[in-house]
K.L.:
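This is the structure I have questions about; it appears just below.
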2 protein chains.
Amino acid sequence: MANLDSIFHGLADPTRRAVIARLAQGPAPVSELAAPHAMALPSFLKHLKVLEASGWVESEKSGRVRTCRLRPEAAKTAEDWLGRQRRDWEARLDRLDAFLTDIEDERDTDDA
Amino acid sequence: MANLDSIFHGLADPTRRAVIARLAQGPAPVSELAAPHAMALPSFLKHLKVLEASGWVESEKSGRVRTCRLRPEAAKTAEDWLGRQRRDWEARLDRLDAFLTDIEDERDTDDA
DNA sequence: ATCAAGGTTAGCCATGTGGCTATCTATCGG
DNA sequence: CCGATAGATAGCCACATGGCTAACCTTGAT
C-alpha cells in the first residue's frame with residue numbers, strides 16, 4: 001500500500017490513468033498495457049513502477065511475462081479521502097443553512 | 001476548471017490537501033490558510049496557485065486580504081472518475097462471477 | 001544451440017516542482 | 001503621512017519526473 005501523496009500522484013498522469021482504467025477490466029501483461037501508449041517501453045515501465053509503488057497495481061512474473069492487476073484498495077483510500085472532504089463541506093453548508101434560518105426566525109420573532 | 005491531471009496533481013501533496021480540508025470548513029484568507037504550515041509565504045503561495053490553476057480553489061481580493069474558497073466541482077470531477085473505474089471493476093467481477101457460476105452449472109449438468 | 005520475445009537496467013537529458021531570500025506593492029490604522 | 005500588515009514577484013537552488021537510447025537477461029520455440 002501507500003500514502004495519499006503517492007496514490008494521488010499515481011492518478012496525475014493520463015498514461016497512468018489509462019493503465020488503471022484498462023486494469024479495471026481485468027489483469028493484463030505489461031506489453032498489452034504498453035501497446036496503446038506511444039512511448040518507448042522503458043518510459044512506460046517507469047509509469048508502471050509508479051503505480052506499483054503507490055499501491056495501485058500489483059504484478060507477478062511467470063515465465064517471461066509479467067501480469068499486472070489492479071488493487072482496488074488504492075481506489076478506496078482515494079475515494080474515502082474525497083468523501084470525507086465532501087461530508088465536511090456538506091455539513092458546513094447545513095450549518096450555514098441552519099444559521100440563516102435562525103436569523104430568519106429571529107426576524108420573524110421580532111416582527112411578531 | 002481544469003483537467004484530471006491538474007486536479008489529481010493538486011491532491012498529491014499534504015500541504016495542498018490540508019488547505020482543501022480547511023476550506024471544506026468554509027472560506028479563509030491566505031494568511032490563515034498559511035499559518036499551520038511551516039514554510040515561507042512565497043512557498044505556500046505556490047501551492048495555492050497550483051490549487052487555483054487546477055480549479056480546486058477560487059479567491060478574490062478585497063482590500064489587502066485575499067479570501068479563498070473551495071470549488072467542489074473539482075472534487076466532483078475527481079470522485080466521478082474514481083467512481084467510473086469502480087463501476088467498471090465491479091461489473092468485471094460480476095461477469096467473472098457469472099462465468100464461474102456457468103462453469104459450475106455445466107459441471108452440475110454433466111453430473112446429472 | 002540459436003533466435004526471438006518480453007522485460008529490465010543503466011544512464012543521459014530537459015523540464016517541472018518545492019523550497020528559500022530579498023524585494024516590492026498596496027492597504028489600513030493612527 | 002508613516003509604520004505595520006497582507007500579499008505578490010523575481011530569482012536562485014536541489015532534486016524529481018518523464019522522456020529517450022543502448023545494452024542486457026530470461027524464457028520459449030525451433
Side-chain angles (χ1 to χ4, degrees), chain A residues 2-23 26-71 74 78, chain B residues 2-23 26-71 74 78:
Chain A
N3 52 22
L4 286 167
D5 279 31
S6 55
I7 286 179
F8 284 126
H9 175 67
L11 294 175
D13 176 284
T15 300
R16 294 194 293 259
R17 282 197 306 280
V19 169
I20 291 173
R22 166 63 189 80
L23 289 180
V30 169
S31 48
E32 185 185 327
L33 291 175
H37 305 286
M39 67 176 66
L41 229 204
S43 313
F44 180 79
L45 283 184
K46 281 196 188 177
H47 287 295
L48 217 45
K49 282 192 175 150
V50 168
L51 288 174
E52 290 215 45
S54 60
W56 275 105
V57 165
E58 67 187 353
S59 68
E60 61 188 320
K61 197 164 180 176
S62 104
R64 50 186 173 170
V65 174
R66 176 174 298 279
T67 301
C68 303
R69 68 189 69 256
L70 196 60
R71 296 197 41 205
Chain B
N3 52 20
L4 286 168
D5 279 30
S6 55
I7 286 179
F8 285 125
H9 176 68
L11 293 175
D13 177 284
T15 300
R16 293 194 293 259
R17 282 196 306 280
V19 169
I20 291 172
R22 166 63 189 80
L23 289 180
V30 168
S31 49
E32 185 185 326
L33 290 175
H37 305 287
M39 68 177 64
L41 230 204
S43 313
F44 181 79
L45 284 183
K46 279 197 189 176
H47 286 296
L48 217 44
K49 281 193 175 148
V50 168
L51 288 174
E52 290 215 45
S54 60
W56 275 105
V57 166
E58 67 187 353
S59 69
E60 61 188 320
K61 197 164 180 176
S62 103
R64 47 186 174 170
V65 173
R66 174 174 299 279
T67 301
C68 303
R69 68 191 69 255
L70 196 60
R71 296 198 41 206

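Below, read A as the first sequence line, B as the second, and so on, with proteins coming before strands; counting in each chain starts at 1. The figures here come from the full heavy-atom set of this structure, side chains too, leaving out hydrogens, waters and symmetry mates.
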K.L.:
Would you name the heavy atoms of Phe8(B) and Ala78(B) that are closest together and state the gap between them?
P.N.:
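It is CE2-CB, 3.8 Å.
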K.L.:
Please state how far atom CG in Leu41(B) lies from atom P in dA6(D), giving the value in whole angstrom units.
P.N.:
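In whole Å, dA6(D) P lies 10 Å from Leu41(B) CG.
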K.L.:
Ignoring hydrogens and angles, tell me if any N or O in the side chain of Arg22(A) forms a donor-acceptor pair with the backbone of Glu32(A) under 3.5 Å.
P.N.:
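Between the backbone of Glu32(A) and the side chain of Arg22(A) there is no qualifying donor-acceptor contact (under 3.5 Å).
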K.L.:
Indicate the atoms forming the closest heavy-atom contact of Leu51(A) with Gly10(A), along with that distance.
P.N.:
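It is CD2-O, 4.1 Å.
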K.L.:
Which residue lies toward the 5' end of DNA chain D, Gly63(A) or Ala38(A), if each is placed at its nearest nucleotide?
P.N.:
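Nearest-nucleotide comparison on DNA chain D picks Ala38(A).
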K.L.:
Testing Glu52(A), Arg71(A), Lys49(A), Arg69(A) one by one against Val57(A) for a side-chain contact (heavy atoms from CB on, under 4.5 Å), which residue passes?
P.N.:
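Considering Glu52(A), Arg71(A), Lys49(A), Arg69(A), a side-chain contact (heavy atoms from CB on, under 4.5 Å) with Val57(A) is found only for Glu52(A).
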K.L.:
Is there a donor N/O on one and an acceptor N/O on the other, under 3.5 Å, for the side chain of Arg64(B) and the base of dA26(C)?
P.N.:
no
K.L.:
Which nucleotide in the set dT9(C), dG6(C), dA8(D) lies at the smallest distance from any side-chain heavy atom of Lys49(A)?
P.N.:
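Out of dT9(C), dG6(C), dA8(D), the nucleotide with an atom closest to Lys49(A)'s side chain is dT9(C).
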K.L.:
Kindly say if Ser31(B) contacts the phosphate of dG7(D), meaning a side-chain N or O under 4.0 Å from OP1 or OP2.
P.N.:
yes
K.L.:
Check the distance between dG18(D)'s C1' and Arg16(A)'s CZ and give it to me in whole angstrom.
P.N.:
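In whole Å, dG18(D) C1' and Arg16(A) CZ are 9 Å from each other.
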K.L.:
Starting from C1' on dT21(D), measure out to CE on Met39(A) and report it in whole angstrom.
P.N.:
15 Å
K.L.:
From CD of Glu60(A) over to P of dG6(C), roughly how many Å is that when rounded to an integer?
P.N.:
18 Å
K.L.:
Just checking Ser43(B): base, sugar-phosphate only, or nothing, at a heavy-atom cut-off of under 4.0 Å?
P.N.:
base
K.L.:
Could you state the CG-P distance from Asp5(B) to dG16(C), rounded to the nearest angstrom?
P.N.:
14 Å
K.L.:
Which nucleotide, dA8(D), dG6(C), dG19(C), lies nearest any side-chain atom of Arg66(B)?
P.N.:
dA8(D)
K.L.:
Hey, is the side chain of Lys46(B) pairing donor to acceptor with the base of dG19(C) inside 3.5 Å?
P.N.:
yes
K.L.:
Out of dG7(D), dT21(D), dG19(C), which has the shortest distance to the side chain of Pro42(A)?
P.N.:
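Out of dG7(D), dT21(D), dG19(C), the nucleotide with an atom closest to Pro42(A)'s side chain is dT21(D).
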K.L.:
Atom CG of Asp13(A) to atom C1' of dT17(C): distance rounded to whole Å?
P.N.:
15 Å
K.L.:
How many Å lie between NE2 on His47(B) and C1' on dC20(C), as a whole number?
P.N.:
12 Å
K.L.:
Looking at every non-hydrogen atom in both residues, tell me the closest pair between Pro14(A) and Asp5(B) and how far apart they are.
P.N.:
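Closest heavy-atom pair between Pro14(A) and Asp5(B): CD-OD2, 3.2 Å.
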K.L.:
Would you mind reading off the distance between Leu48(B) atom CG and dA6(D) atom C1', rounded to a whole angstrom?
P.N.:
13 Å
K.L.:
Toward the 5' end of DNA chain C, which comes first, His9(B) or Ala40(B), by nearest nucleotide?
P.N.:
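Closer to the 5' end of DNA chain C: His9(B).
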